[in-house]
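Protein chains get the first letters and strands the later ones, always in sequence-line order, with residue 1 at the start of each.
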Amino acid sequence: MLDIQLLRSDLEGVAKRLADRGFTLDVEAFQALEFRRKTIQTETQELQARRNQLSKQIGQAKAKGEDATALMAQVTAQADQLKALERQLHEVQARLDDMLLVIPNVPHASVPAGKSAEDNPEVRRVGTPRQFGFAVKDHVDIGAGLGMLDFDAASKISGARFMLLKGPLARLHRAIAQFMLDIHTGEHGYTEIYAPYLVNAASMTGTGQLPKFEEDLFAVPRSDGEKFYLIPTAEVPVTNIVRDEIIAGDKLPLKFVCHTPCFRSEAGSYGKDTRGMIRQHQFDKVELVQITHPSRSYELLEELTGHAETILKKLDLPYRTVTLCTGDMGFSAAKTYDIEVWLPGQNAYREISSCSNFEAFQARRMQARFRNEKGKTELVHTLNGSGLAVGRTLVAIMENYQNADGSVTVPEALRPYMGGTNAIAPR
RNA sequence: GGAGAGAUGGCCGAGUGGUCGAAGGCGCUCCCCUGCUAAGGGAGUAUAGGCUCAAAAGGCUUAUCGAGGGUUCGAAUCCCUCUCUCUCCGCCA
């Protein structure tokens, strides 16, 4: 959520910056609502002040044993009008809130302008794609050849966009997550979190998934008529740890790492990535979250992105990092780096991590604050990034470490997690 | 699933219809005293808004005692609904 003060003071400027990311801010509608709010609020508060004053006098009069009926009549006379105004004010403020909740974040000044993914500048490229002396297969064929990746069973059990792993490949999937958690906790100073996979609407609103993107989420009904939402990323439960909290300034930054399954309906992505495990309704991810002092959030975004990249370096997977341009950024982000891993089966770099600084956008929705140097409360900045998507890391390993005989070499860093196994071979 | 208790400021805790944004304590900040330490004395210390002001300072004002609704001239206090927490019983990985 943007600061309403910013909209009041620089509406045209905000509209212009939002236009860069393809969002049209309805300036007239905002101004009209603001004008109404101002008028009604002023009038309401005047009547409230009058009521409070008269009520006080009534109290004093009664204490002295005097007759207060005249004063009471005065309050009664304006009661209906006040009630009507309070109701209107309530309604206008709710509408203003609704409007604010669906306005995306303003891109940071360092974000390059652009319309789509094609305009994302590359920041760096690390590692060299391997030369294969044989015809490379994609992970679907490799998995089928191994007899350890079964989409038929998954579609029988659940439907499209699910997968089932077996044997050593399932273990490799588990090993990847364990490895990532160990690196981030042991070398990067993150605290491991285990969090709920079902969350309430307030949490989803806090991080920005609601109210605008409900169709992207899975939900389960509750007996009380409300619903639980399945988390689309650990960002949601983990960032909401600090919702409605005031954190001591010297505790910042908070650094959390959390491995969870992620559930996405993938509405509107029909036909995209239908082959393989690139785009699933359920996938695992190790997520990094930082809660920071506003003055350090951009510095820490670089650091966090580096933490995610470390995993790829340790796995010896070639990748590149791009800055998302204004037109390609997510709703809540002020700046995002995508890390893309090389997939020989697709002959392309594909997203495996997305690292963002949300500035105070989520913090304002969540009322997540800290006590600053002056002892005043101030909104924190929130950051997060995948460190990394587990399923896509598995894909990358299968494709980059494939051998001519259909086996897959286990990257050295993962062997301790695989009981010392060097390779996964067809059985 | 059944029965009961509770939710107040950064924290603890008082407050059952009137001048209560809220006693007291702790914590924190500043000052004083004391030749270290410890102790003592004083002052201050919630948040979010609105209007005003060129801006800042300031001034006026509203809301907030788990959430929402209601009663009342007036609600932390009374009524209703909901949420959450705790205790006991039952069930359970």
Side-chain angles (χ1 to χ4, degrees), chain A residues 1-10 30-101 194-206 210 221-229 237 240-252 254 291 360 363-380:
Chain A
M1 191 154 72
L2 296 177
D3 187 354
I4 194 163
Q5 306 285 5
L6 182 67
L7 288 166
R8 285 180 186 140
S9 61
D10 184 23
F30 177 81
Q31 281 173 327
L33 260 182
E34 245 305 273
F35 179 76
R36 241 171 85 73
R37 187 227 95 228
K38 196 163 164 173
T39 314
I40 295 170
Q41 184 167 347
T42 307
E43 206 179 332
T44 304
Q45 293 188 349
E46 274 167 13
L47 287 182
Q48 284 171 332
R50 198 170 130 79
R51 178 203 62 200
N52 290 347
Q53 199 190 343
L54 286 168
S55 292
K56 223 168 236 190
Q57 288 174 20
I58 291 167
Q60 285 165 348
K62 288 205 164 177
K64 286 187 226 154
E66 294 168 5
D67 177 46
T69 43
L71 290 168
M72 281 161 72
Q74 282 186 59
V75 183
T76 309
Q78 65 164 43
D80 288 348
Q81 194 195 354
L82 177 57
K83 185 162 275 184
L85 278 170
E86 280 175 338
R87 218 161 247 151
Q88 283 178 47
L89 181 61
H90 218 87
E91 190 213 307
V92 169
Q93 276 173 336
R95 281 175 61 191
L96 218 42
D97 271 352
D98 289 347
M99 191 171 184
L100 236 43
L101 280 172
Y194 172 82
Y197 303 158
L198 299 176
V199 302
N200 56 32
S203 293
M204 285 294 186
T205 306
L210 289 180
R222 294 175 17 152
S223 54
D224 62 3
E226 294 299 309
K227 39 190 146 167
F228 281 126
Y229 292 91
N240 273 281
I241 290 172
V242 297
R243 172 152 55 89
D244 294 321
E245 296 290 333
I246 297 170
I247 301 151
D250 58 11
K251 292 277 193 305
L252 298 178
L254 301 178
I291 311 296
R364 190 171 294 108
R365 289 168 164 251
M366 293 191 299
Q367 282 305 296
R369 294 167 296 173
F370 72 103
R371 208 162 281 285
N372 68 19
E373 300 74 19
K374 291 175 186 160
K376 289 287 166 195
T377 56
E378 190 179 335
L379 294 170
V380 297

From C-beta outward on A:Gln45, which listed nucleotide comes closest to its side chain: B:rG49, B:rA63, B:rC73?
B:rG49

When A:Arg371 is tested against each of A:Ile247, A:Leu252, A:Thr377 for side chain to side chain contact (heavy atoms under 4.5 Å, CB included), which residue passes?
A:Thr377

Please tell me which of the listed nucleotides, B:rU19, B:rU47, B:rG74, lies nearest to the side chain of A:Ser55?
B:rG74

From the set B:rA63, B:rA48, B:rC73, return the single nucleotide nearest to any side-chain atom of A:Thr377.
B:rA48

As a test of reading the structure: which of B:rU47, B:rU19, B:rC73 is closest to the side chain of A:Ala63, going by heavy atoms?
B:rU19

Can you check the A:Lys38 NZ to B:rC51 P distance for me, whole Å?
5 Å

What's the closest nucleotide to the A:Ala49 side chain, out of B:rG49, B:rU47, B:rU62?
B:rU62

Please check if atom CZ in A:Arg8 has more than 12 non-hydrogen atoms from other residues, nucleotides or ligands closer than 6.0 Å.
yes

Tell me the interatomic distance from A:Glu86, atom CD, to B:rU61, atom P, rounded to whole angstroms.
18 Å

Could you check A:Gln53 against A:Gln60 and say which one's nearest nucleotide on RNA chain B is further toward the 5' end?
A:Gln60

What integer number of Å spans the P atoms of B:rG17 and B:rA76?
13 Å

Between B:rU62, B:rU47, B:rG50, which nucleotide gets closest to the side-chain atoms of A:Gln41?
B:rG50

d(CD, A:Glu378; P, B:rG10) in whole Å:
17 Å

Could you please name the option among B:rG49, B:rG10, B:rG70 that lies closest to any side-chain atom of A:Arg371?
B:rG10

Rounded interatomic separation in angstrom, taking CZ from A:Arg243 and P from B:rG66:
18 Å

Rounded to whole Å, please give me the gap between NZ in A:Lys83 and P in B:rG70.
6 Å

Report the distance from atom CZ of A:Arg37 to atom P of B:rU62, rounded to the nearest whole Å.
17 Å

What does A:Arg50 touch in the nucleic acid at a heavy-atom separation under 4.0 angstrom: a base, only the sugar-phosphate, or nothing?
nothing

Could you work out which one of B:rG50, B:rG70, B:rA63 sits closest to the side chain of A:Asn52?
B:rA63

Distance between the P atoms of B:rU81 and B:rU29, in whole angstroms?
47 Å

Taking only N and O in the side chain of A:Lys64, is any of them less than 4.0 Å away from OP1 or OP2 of B:rU19?
no

Could you tell me whether the side chain of A:Arg95 reaches within less than 4.5 Å of the side chain of A:Arg37, counting heavy atoms only?
no

